[in-house]
Trainee: 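Okay, here's the structure, questions in a sec.
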Amino acid sequence: MSSERRKPFPFDVFEPVWQAEWDAKKAFHTANPGDADFDATKPKFYVLDMFPYPSGSGLHVGHPEGYTATDIIGRYKRMNGHNVLHPMGWDAFGLPAEQYAIKTGQHPRTTTEHNVESFRGQLKRLGFAYDWDREVNTTDPGYFKWTQWIFLKLYDCYFDELSQKARPISDLAAQGLSRDDIDARRLAFVSEAPVNWCPQLGTVLANEEVVDGKSEVGGFPVERRPMRQWMLRITSYAQRLIDELAGLDWPDGIKMLQRNWIGRSEGALVDFQIEGGEKVTVFTTRPDTLFGATYMVLSPEHPFVESITTAPKRDAVLAYQKTVSSKSDMERTELAKEKTGIFTGAYAINPVNDERIPIWIADYVLMGYGTGAIMAVPAHDERDYEFAKLFSLPITQVVQPPDGKEWQGFCDDGIAVNSGFLDGLPTAEAKAKIIDWLAERRCGEQKINFKLRDWLFSRQRYWGEPFPIVWEADGHHHAIPESELPLVPPDLVDFQPTGTPEPPLSKATDWVQYSATARRELNTMPQWAGSCWYYLRYCDARNPERFVSREAEKYWMGGGKPGGVDLYVGGTEHAVLHLLYARFWHKVLYDLGEVSTPEPFQRLVNQGLILGEMEYTAFREGTGVLVSAKDVKDVREESVDGKVKLVATYKLSGQMVIGERVNEDDVEKVNAVFVLKSNPEIAVDARSFKMSKSRGNVVNPDTVIQQYGADCLRLYEMFMGPLEQVKPWSMNGVEGQSRFLARVWRLVMESDQEGNWSPSPQLKDVPTDKKLAKAINETIKKAGEDIEKLSFNTAISAMMVLTNTLTQAEVRPASVLITFMRILCPFAPHIAEELYSRLRLAFPALATSGFVADCAWPTYDASALVDDEVEIVLQVNGKLRDRITVPIAITKEDLEALALANDRVKEFIAGVTVRKVIVVPGKIVNVVAN
RNA sequence: GCUCACGUGGCGGAAUUGGUAGACGCGCUAGAUUCAGGUUCUAGUGAGUAACAUCGUGGAGGUUCGAGUCCUCUCGUGAGCACCA
């Protein structure tokens with residue numbers, strides 16, 4: 001008992017009380033159109049968090065960052081008379097649960113349920129104003145029924161190029177297409193193409209899930225192999241996914257990432273006749289350099305390679321193909337520096353000048369992009385240049401750099417030269433002209449190419465949504481009837497991957513057999529499936545009839561104008577994957593008339609990563625003991641730049657004695673940024689790292705809540721700095737917020753000798769004086785404006801200023817404190833509720849009954865903000881010389897006269913001539929004199 | 001290599017249209033209170049000086065009465081992409 005530190009205010013008592021109170025009264029229940037308590041006169045506001053994957057390790061401090069931000073906005077909008085939708089749920093299918101299950105033998109459903117339970121508890125302890133009645137869980141059959149239903153929508157439509165829209169597949173049947181042709185047009189289709197197979201994970205992966213030839217999860221090698229897989233035709237939407245980014249209020253960086261990922265490039269297809277053979281089509285973005293094409297390169301996997309290779313070259317070509325195919329994607333990119341390749345012995349004819357150009361194969365040409373073949377223009381492409389130099393191939397300059405510069409290797413745009421009928425044309429015109437020329441002769445056409453590949457949508461996993469598809473003995477697939485949804489995965493005891501591409505569901509022999517003739521699809525959907533549409537389900541989370549009712553969707557997603565979720569907050573890690581997939585699904589649903597807006601998320605904000613506490617490392621050259629040994633822990637020898645040096649981790653007990661910045665030339669560059677004031681020989685490097693278990697710098701939100709309270713954690717995370725910025729954790733900073741809240745508490749309450757709290761005698765029901773009126777009105781204004789700007793750190797700072805002013809006031813008008821609680825409520829809801837209720841007890845006439853969270857956001861009185869007097873800065877030649885206080889209504893002339901009569905100003909204009917006086921009313925007077 | 005973003009005290013960060021640089025918090029210093037303090041309160045805290053002067057927003061130029069803010073160049077840091085023809 002005695003060892004436990006006394007709490008500066010009893011958050012540990014009142015926080016759970018209010019949380020229970022909100023729960024019991026369903027304080028943040030949100031009504032839908034059609035509900036009895038729905039108020040149609042209010043505007044809607046849909047504020048969304050990226051729902052978490054309920055991992056076994058629980059919430060980390062990054063979660064409450066975004067969640068607190070949306071909670072503040074949501075509560076603020078609520079107080080401002082909006083119908084606010086602010087829900088939470090669980091993205092609970094996925095690899096980690098399954099892998100944990102394999103390790104422990106527990107069913108993934110059990111561990112998932114357990115983890116969800118603990119996540120929900122943690123979030124409730126943070127006091128977020130969620131409508132828990134709308135909680136969703138992607139692994140709930142009532143939820144994934146509709147994930148499967150949406151899949152069937154994708155299965156049952158095709159992309160109509162003419163209207164650039166998805167249309168029902170029945171259109172095609174009406175046109176008399178064959179069954180195979182129809183299957184080949186579906187947005188969800190089966191493909192036999194090479195896919196990313198990860199043997200360790202025992203599953204295939206989407207392109208987006210492979211980073212540098214390794215799996216994004218786990219970092220295992222990934223190989224390409226042809227397999228029969230389900231694909232989603234996201235490429236059809238490539239253009240719309242780019243175009244419709246324009247209207248979104250998203251960070252530029254994320255838009256750019258998506259644009260790059262989709263990778264649109266304009267160019268042309270050009271046919272080259274192979275001598276004594278067929279035509280090879282290449283894609284180029286620079287058709288204007290066709291005259292400079294001196295050789296051609298095919299990807300080693302190109303289907304023509306076999307037929308065109310001449311007999312003498314056959315062995316060498318086969319050997320090269322073999323080396324390339326044995327390389328993993330990773331090796332292929334890692335060894336990107338040196339070019340390799342081999343001549344096939346074949347020649348192609350350049351259509352523009354009938355020149356014979358040799359055909360090579362090289363692994364710098366990728367089968368997956370364009371046509372898998374290029375025309376090489378070494379004079380104007382860096383890669384082709386390198387290759388041509390290496391193999392002594394001819395280089396012909398066909399573009400003259402602008403501004404008369406010399407051609408040196410390669411160049412971008414310029415004027416065409418050595419190019420026959422293109423000579424003299426600037427690049428853009430040359431491109432247009434050559435495309436026309438090629439089109440006339442039917443050996444080329446304009447072409448827009450995308451990097452984006454179709455989305456590989458099946459996984460060989462147990463813990464995911466089964467496909468609502470069956471296969472007939474004749475090899476055809478078809479959908480199961482909607483009435484059979486949800487299709488629940490069979491209960492397996494052994495859900496280990498089979499180690500082969502055969503999915504684990506194959507082990508459920510009874511389940512697999514759908515009918516006498518048909519077997520079920522054994523693959524499952526990837527984790528992304530559930531997160532592609534969860535924001536829609538929140539609008540109408542318990543609807544058994546539809547994935548979301550039309551009215552609810554129309555209301556919350558705001559059919560018409562821009563529409564969509566009003567604010568979506570989450571980390572950058574989903575910049576391409578989730579955000580691209582969700583946009584794609586949404587557009588399909590929009591085309592099919594199932595939703596009312598073309599885009600799901602109107603405004604997106606990325607919260608910045610929270611790094612671990614700053615770490616200080618102190619060291620010095622040579623041997624010897626560090627002087628401030630008591631401050632330095634963990635001294636060890638380490639090799640820095642090949643030399644052994646003394647390195648020490650510097651962990652002061654809450655103190656940090658760091659001196660001035662030193663000249664970088666004077667210290668070792670590796671670590672030294674600072675020197676100790678007490679001992680200039682010791683350099684100290686301060687930096688923070690990503691939180692990780694191995695580094696031991698992970699901060700657990702539960703610990704913070706226990707020690708300082710949920711309000712304090714919320715406030716601290718918002719005060720750290722701008723929401724979108726990367727910032728280091730600081731336990732001292734948390735203390736600071738705790739002190740602030742304790743000061744707020746003591747504005748209202750005071751304690752006696754025994755530590756009992758009672759209302760402060762300084763609180764009085766008195767009229768507000770001018771000074772305090774100004775202070776409270778300024779806070780209302782600034783906090784409100786800052787919340788709108790998501791500038792929470794400055795809003796909190798405004799409340800601190802108010803607190804400091806109130807602390808100094810001898811008498812604190814109760815009405816001011818009551819207003820203050822309404823401002824504080826979105827940020828620190830528990831203490832605001834507690835103090836509001838205590839204020840109401842002491843001053844029943846001044847406060848309304850009910851939650852402070854249900855109060856209206858206070859309005860400020862603009863007249864209280866203006867002073868009678870204003871401080872004016874006096875400058876001479878732009879330098880501050882004095883400040884004077886003048887009546888607000890002073891004329892420009894009088895102000896100028898006052899300035900020139902000022903002693904300090906006179907001092908500085910003595911002996912020189914006044915040239916000009918600049919008067920900015922209410923701000924400054926600048927006297928220009930020389 | 002390419003693209004984007006960012007450089008402000010000992011630290012995290014504030015600064016409407018160009019108009020008092022450093023709000024607020026941490027840390028630090030001194031004093032008071034307390035049996036005690038990881039308590040609270042008061043004052044101070046960019047450098048520099050006895051005090052002024054002066055110098056200060058990565059660096060160098062420029063525009064302006066006036067620049068953290070606008071322009072040019074340059075250096076550094078972080079993130080993303082990386083044979084995409």
Side-chain angles (χ1 to χ4, degrees), chain A residues 5-6 8 212 251-254 256-257 260-261 263-265 267 282-286 289 297 332-333 335-337 339 362-366 368-377 380-384 386-387 449-452 572 575-576 609 614 652-661 664 674 677 684 686 688 716 719-722 724-737 739-740 742-743 746 785 791 793-801 803-804 807-808 871-880 882-883 915-918 920 922-929:
Chain A
R5 191 166 66 104
R6 206 168 78 204
D212 291 333
D252 290 339
I254 302 293
M256 207 194 55
L257 241 48
N260 285 350
W261 188 265
R264 181 186 197 270
S265 48
V282 304
F283 173 72
T284 176
T285 54
R286 294 296 303 271
T289 61
V297 187
R332 215 162 139 169
T333 41
L335 303 170
K337 294 284 167 278
K339 297 265 179 299
D363 68 355
Y364 82 94
V365 174
L366 310 171
Y369 183 75
T371 61
I374 62 155
M375 61 177 215
V377 185
H380 303 287
D381 181 279
E382 199 174 339
R383 296 150 302 178
D384 297 345
E386 242 176 73
F387 193 81
N449 203 33
F450 294 96
K451 271 202 297 196
L452 187 69
T572 354
V576 280
L609 198 66
M614 285 266 211
L652 306 189
S653 43
Q655 299 197 344
M656 181 178 118
V657 197
I658 292 177
E660 65 266 30
R661 203 168 270 266
E664 300 239 339
F674 305 104
K677 229 176 199 168
V684 178
S688 51
Y716 171 65
F719 188 70
M720 290 175 87
E724 304 190 46
Q725 203 164 294
V726 178
K727 41 212 177 280
W729 185 267
S730 155
M731 225 54 207
N732 283 331
V734 179
E735 294 261 7
Q737 294 311 304
R739 279 204 276 271
F740 164 59
R743 278 157 67 86
R746 290 196 309 270
E785 287 171 354
S791 177
N793 54 335
T794 52
I796 294 167
S797 130
M799 290 188 284
M800 288 173 165
V801 173
T803 305
N804 292 344
T807 303
Q808 277 157 13
E871 193 180 71
I872 300 290
V873 168
L874 303 184
Q875 295 183 334
V876 176
N877 292 329
K879 285 195 173 125
L880 173 76
D882 206 0
R883 299 156 213 259
R915 305 280 172 197
K916 204 174 181 184
V917 180
I918 286 140
V920 182
K923 288 244 165 83
I924 63 155
V925 178
N926 188 14
V927 181
V928 185

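Quick note on labels: first sequence line is chain A, next is B, and so on, each numbered from 1.
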Trainee: From CH2 of A:Trp729 over to P of B:rG13, roughly how many Å is that when rounded to an integer?
Mentor: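 Distance, rounded to whole Å: 15 Å.
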Trainee: Roughly how many Å apart are B:rU45 and B:rC11, using the C1' atom of each and rounding to a whole number?
Mentor: 14 Å
Trainee: Heavy atoms, side chains only, cut-off 4.5 Å: are A:Phe719 and A:Met800 in contact?
Mentor: yes
Trainee: Could you measure between the two C1' atoms, the one in B:rU64 and the one in B:rG13, and give it in whole Å?
Mentor: 29 Å
Trainee: Starting at the 5' end of RNA chain B, which residue's closest nucleotide do you reach first, A:Ser791 or A:Asn926?
Mentor: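 Checking each residue's closest nucleotide, the 5'-ward one belongs to A:Ser791.
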Trainee: What is the nucleic acid contact for A:Val726, judged by heavy atoms within less than 4.0 Å: base, sugar-phosphate only, or nothing?
Mentor: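 If one applies the 4.0 Å heavy-atom cut-off, A:Val726 turns out to touch the sugar-phosphate alone, with no base involved.
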Trainee: Measure from CE on A:Met799 to P on B:rA14 and round the result to the nearest Å.
Mentor: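 It is 16 Å, rounded to the nearest whole Å.
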Trainee: Quick one: CD1 on A:Ile924 to CD1 on A:Ile918, what's the gap to the nearest 0.5 Å?
Mentor: 7.5 Å
Trainee: Checking base pairs now: Watson-Crick or wobble, both atom distances under 3.5 Å. What partners B:rG80?
Mentor: B:rC2
Trainee: For B:rA14, which nucleotide is its Watson-Crick or G-U wobble mate, given both distances must be under 3.5 Å?
Mentor: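 With both distances under 3.5 Å required, B:rA14 matches none.
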Trainee: Say you pick atom P in B:rG62 and the same atom in B:rG78; how far apart are they, in whole Å?
Mentor: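 Straight-line distance between the two P atoms is 32 Å.
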Trainee: Within 45 degrees of the axis of the six-membered ring of A:Phe387 and under 6.0 Å from its centre: does A:Lys339 put its NZ or CZ there?
Mentor: no
Trainee: With rounding to whole Å, what would you report as the distance between B:rU3 and B:rC70 at their C1' atoms?
Mentor: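 It works out to 24 Å between them.
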Trainee: From the list B:rG13, B:rG19, B:rC83, which nucleotide is the closest neighbour of the side chain of A:Asn793?
Mentor: B:rG13
Trainee: Taking the C1' atom of each, how far is B:rA15 from B:rC24, in whole Å?
Mentor: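 Pairwise C1' distance, B:rA15 against B:rC24, rounds to 12 Å.
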Trainee: Could you let me know what B:rU40 is paired to, Watson-Crick or G-U wobble, both distances under 3.5 Å, or none if it's on its own?
Mentor: B:rA32
Trainee: Flag the pair A:Tyr716 / A:Ile796 as yes when at least one side-chain heavy-atom distance between them is below 4.5 Å, and no otherwise.
Mentor: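 With C-beta onward as the side chain, the pair stays apart.
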Trainee: Taking B:rC2 as the reference, what is the distance to B:rC55 when you measure between their P atoms (whole Å, please)?
Mentor: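 Those two atoms are separated by 40 Å.
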Trainee: Below 3.5 Å, does any donor atom in the side chain of A:Glu735 face an acceptor in the base of B:rG38, or the other way round?
Mentor: yes
Trainee: Do A:Val928 and A:Asn877 make a side-chain contact, defined as non-hydrogen atoms from C-beta onward lying under 4.5 Å apart?
Mentor: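 Of all side-chain heavy-atom pairs linking A:Asn877 with A:Val928, at least one is under 4.5 Å.
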Trainee: Report yes if some heavy atom in the side chain of A:Thr289 is under 4.5 Å from a heavy atom in the side chain of A:Met375; otherwise report no.
Mentor: yes
Trainee: Just how far, in rounded Å, is P of B:rU16 from CD of A:Glu785?
Mentor: 12 Å
Trainee: Can you tell me how far P of B:rU39 sits from CZ of A:Arg743, to the nearest Å?
Mentor: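 So the two atoms are 14 Å apart, to the nearest Å.
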Trainee: With a cut-off of less than 4.0 Å, is there a side-chain N or O of A:Thr794 near OP1 or OP2 of B:rC24?
Mentor: no
Trainee: Does the side chain of A:Arg739 get closer than 4.0 angstrom to OP1 or OP2 of B:rG38 through an N or O atom?
Mentor: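 False: A:Arg739 side-chain N/O out of range (4.0 Å or more) of B:rG38 OP1/OP2.
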Trainee: Think A:Lys727 has a side-chain N or O under 4.0 angstrom from the OP1 or OP2 of B:rG12?
Mentor: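 So the side-chain polar atoms of A:Lys727 never come under 4.0 Å of the phosphate oxygens OP1 or OP2 of B:rG12.
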Trainee: Round to a whole Å and report the spacing from CG of A:Leu874 to P of B:rC65.
Mentor: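 Taking atom P of B:rC65 as the reference, CG of A:Leu874 is at 20 Å.
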Trainee: Would you mind reading off the distance between A:Ile924 atom CD1 and B:rG18 atom P, rounded to a whole angstrom?
Mentor: 14 Å
Trainee: Is any side-chain nitrogen or oxygen of A:Gln725 closer than 4.0 Å to OP1 or OP2 of B:rG13?
Mentor: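 Yes, such a contact exists.
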Trainee: So what's B:rU72 paired with, Watson-Crick or G-U wobble, going by both distances under 3.5 Å?
Mentor: B:rA60
Trainee: Looking only at atom C1', what distance separates B:rG9 and B:rG25, rounded to whole Å?
Mentor: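 After rounding to an integer number of Å, I get 14 Å for this pair.
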Trainee: Side chain of A:Pro722 only, heavy atoms from C-beta on: which candidate in B:rA14, B:rG12, B:rU17 is closest?
Mentor: B:rA14
Trainee: Report the glycosidic orientation of B:rG9: syn if within 90° of 0, anti in every other case.
Mentor: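 Here B:rG9 takes the syn form, which means its glycosidic angle is within 90° of 0.
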Trainee: Who does B:rG22 pair with, Watson-Crick or G-U, both distances under 3.5 Å?
Mentor: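 Across any shown strand, B:rG22 pairs with none.
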Trainee: Atom OH of A:Tyr716 to atom P of B:rC11: distance rounded to whole Å?
Mentor: 16 Å
Trainee: With a 4.5 Å heavy-atom cut-off, do A:Arg743 and A:Asn804 have their side chains touching?
Mentor: yes
Trainee: Between B:rA85, B:rG25, B:rC65, spot the one nearest the side chain of A:Phe283, thanks.
Mentor: B:rA85
Trainee: Distance check: side-chain N/O of A:Asn804 vs OP1/OP2 of B:rG25, anything under 4.0 Å?
Mentor: yes
Trainee: For B:rA53, which nucleotide in any strand shown is its Watson-Crick or wobble partner with both distances under 3.5 Å?
Mentor: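 In the structure as shown, B:rA53 has no Watson-Crick or wobble partner.
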Trainee: Base, sugar-phosphate or nothing for A:Val928? Non-hydrogen atoms, less than 4.0 Å.
Mentor: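 A:Val928: backbone/sugar contact only, no base atoms under 4.0 Å.
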Trainee: With rounding to the nearest 0.5 Å, note down the distance linking OG1 in A:Thr794 to CE in A:Met799.
Mentor: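 The OG1 atom of A:Thr794 sits 10.0 Å away from the CE atom of A:Met799.
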Trainee: Please determine, for the side chain of A:Tyr369, which listed nucleotide (B:rC41, B:rA85, B:rG13) has the closest atom?
Mentor: B:rA85
Trainee: For B:rA67 and A:Lys879 - does any side-chain N or O of the residue sit under 4.0 Å from the phosphate oxygens OP1/OP2?
Mentor: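 No, no such contact exists.
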Trainee: Quickly work out the A:Asp381 CG to B:rG1 C1' distance and round it to whole Å.
Mentor: 14 Å
Trainee: Base, sugar-phosphate or nothing for A:Arg915? Non-hydrogen atoms, less than 4.0 Å.
Mentor: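 No contact.
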Trainee: Can you check whether any acceptor in the base of B:rC26 is under 3.5 Å from a donor in the side chain of A:Asn732, or vice versa?
Mentor: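 For A:Asn732, whose side chain was compared with the base of B:rC26, there is no donor-acceptor pair (under 3.5 Å).
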Trainee: Hey, which of these two, A:Gln737 or A:Gly878, hits RNA chain B nearer its 5' end, going by closest nucleotide?
Mentor: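 Counting from the 5' end, the first nearest nucleotide belongs to A:Gln737.
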Trainee: Which value, in whole Å, describes the distance between the P atoms of nucleotides B:rU77 and B:rU63?
Mentor: 31 Å
Trainee: Starting the side chain at C-beta, find the nucleotide from B:rU17, B:rA85, B:rC65 nearest to A:Thr285.
Mentor: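 My answer, after comparing the listed nucleotides, is B:rA85.
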